[in-house]
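Structure first, then comments.
No hydrogens, no waters, no symmetry mates; every other heavy atom, side chains included, goes into these values.
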Amino acid sequence: MEIKFFDDRVIVSGTDDFSAGKIFDCGQCFRWVRSPDGSWTGSALGRVLRLREEEGSVIFECGKEEFLGVWHDYFDLGRDYAALRKRLSVSEYMERACGFGAGIRILRQDAWEALCTFIISQCNNIARITGIVDRLCRIFGDEQEGGFCSFPGPERLCGLSERDLEPLRAGYRASYIISAARSVASGALELEALRSCDAETAEAALTALPGVGRKVASCVMLFGLGHTEAFPVDTWMRRALRDNFGPGFDPSVFGPDAGFAQQYIFYYSRWGRGGERYVCD
DNA sequence: AACCAGGCGCATA
DNA sequence: TATGCGCATGGT
């Protein structure tokens with residue numbers, strides 16, 4: 001992978017492992033939008049970025065400092081995904097899943113945003129999750145360039161009531177959002193400290209929050225806390241595992257790569273051939 | 001017009 | 001440990 005710096009943009013080229021469409025549509029984040037011209041714009045970590053793909057390279061519309069200080073890490077560009085896919089291709093199925101998902105990267109998202117959005121995601125569909133998250137940012141976040149809004153932090157939400165959140169139309173999840181905001185804002189839950197904890201400790205701390213079970217906790221760990229061994233299992237994963245792996249399958253065989261295995265399996269089962277059989281059943 | 005969504009928490013066996 | 005249910009809302 002090559003990175004070239006210009007005054008107003010950074011160009012990343014020479015990799016099969018950056019596909020904006022797959023990265024933003026694989027269900028890990030909810031705030032990147034595609035423009036008619038094919039470019040993508042999103043708000044993350046308090047900043048707005050636009051990027052576009054052109055002839056096998058990715059163009060980040062930002063300066064060198066911002067790229068190195070923010071986006072290089074956010075897009076996990078220091079990781080060798082080609083080597084990762086090779087390690088994960090331990091079976092014919094995994095080889096297909098990794099090939100199909102080539103281009104996926106697991107974003108290093110803000111931990112609070114991950115917690116909040118995956119609380120919202122429970123028993124919900126992507127379209128509605130996106131809408132609720134958008135309203136949350138639009139109503140309680142700060143305005144940014146291009147009509148985008150920042151993700152409101154826990155200190156912004158901790159003083160609100162369930163009625164204040166009614167315009168989100170988040171249903172019963174509203175109370176979960178508020179109590180999570182209060183736990184984090186008060187310091188009762190130190191999200192950043194969970195980065196360096198072992199997985200069991202992090203999961204226990206997260207599931208202590210109302211409305212946070214194993215699935216949401218594992219998503220927060222994987223997408224927001226850098227716990228790459230986390231392996232979220234939802235309805236899609238349950239079906240994919242049931243049909244393609246033994247009944248006693250243990251994701252820990254993938255060790256610290258388990259989270260990436262999960263993403264490739266999930267993406268393949270939803271959008272690839274691995275998922276078609278379920279439609280016909 | 002139903003069905004169900006990247007679940008959770010609680011009750012019951 | 002396993003299974004079932006209600007929870008708010010609205011996309012498909």
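Within the 4.0 angstrom heavy-atom criterion, no nucleotide atom of any strand lies near A:Val233. A:Gly27 comes within contact range of at least one nucleobase, with a heavy-atom separation under 4.0 Å. Here A:Leu209 lies in heavy-atom contact (under 4.0 Å) with sugar-phosphate atoms only.
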Please assess A:Phe260 against A:Tyr81 for the test ring pair (Phe, Tyr, Trp, His ring centres under 6.0 Å), listing each intermediate value before the final yes or no. CA-CA 9 Å; A:Phe260 301 98; A:Tyr81 277 76; 5.6 Å; yes

Starting from the C-alpha separation in whole Å, work towards a yes-or-no answer on ring pair (Phe, Tyr, Trp, His ring centres under 6.0 Å) for A:Phe245 and A:Tyr93. CA-CA 9 Å; A:Phe245 295 78; A:Tyr93 175 83; 5.5 Å; yes

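In this model, a donor atom of one side chain and an acceptor atom of the other lie less than 3.5 Å apart for A:Gln144 and A:Ser43. Side-chain N/O atoms of A:Asn124 and A:Ser121 include no donor and acceptor closer than 3.5 Å.
For the pair A:Asp76 and A:Arg108, the salt-bridge criterion is met [side-chain N within less than 4.0 Å of a carboxylate O].
The aromatic rings of A:Phe60 and A:Phe18 sit perpendicular, their planes meeting at an angle over 60°, well past the 30° parallel limit.
Using atom P as the reference point in both C:dG4 and B:dC4, the two lie 15 Å apart (nearest Å). Only the C1' atoms considered, C:dT9 is 16 Å distant from B:dA1, to the nearest whole Å. Spacing between B:dG6 and C:dA2 at atom C1', rounded to whole Å, works out to 22 Å.
Geometrically, A:Arg239 engages A:Trp236 in a cation-pi contact defined by less than 6.0 Å to the ring centre and at most 45° from the axis. Remark: A:Arg9 is positioned above the aromatic ring of A:Phe6, its terminal NZ or CZ atom under 6.0 angstrom from the ring centre and at most 45 degrees off the axis.
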Treat a base pair as Watson-Crick or G-U wobble with both distances under 3.5 Å, then lay out DNA chain C in dot-bracket form, 5' to 3', with | for cross-strand pairs. |||||||.||||

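Along DNA chain B, read 5' to 3', the first and last nucleotides having any atom under 4.0 Å from a heavy atom of chain A are B:dA5 to B:dG9.
Of the possible donor and acceptor atoms, one in the side chain of A:Arg182 sits under 3.5 Å from a partner among the backbone N and O of A:Cys158. For A:Trp71 (side chain) and A:Leu77 (main-chain N/O), no donor-acceptor pair under 3.5 Å exists by modelled atom type. Side-chain atoms of A:Gln109 never come within 3.5 Å of backbone atoms of A:Val220 as a donor-acceptor pair (strictly under, hydrogens ignored).
Within residues 158-176 of chain A, the residues that place at least one heavy atom under 4.0 Å from DNA chain C are, in residue-number order, A:Arg169, A:Gly171, A:Tyr172, A:Arg173.
Take the nearest nucleotide of DNA chain B for A:Pro210 and for A:Asp234: the residue whose nucleotide is more 5' is A:Asp234. Along DNA chain B, the nucleotide nearest A:Gly211 and the nucleotide nearest A:Gln28 are compared for position; the residue whose nucleotide lies closer to the 5' end is A:Gln28.
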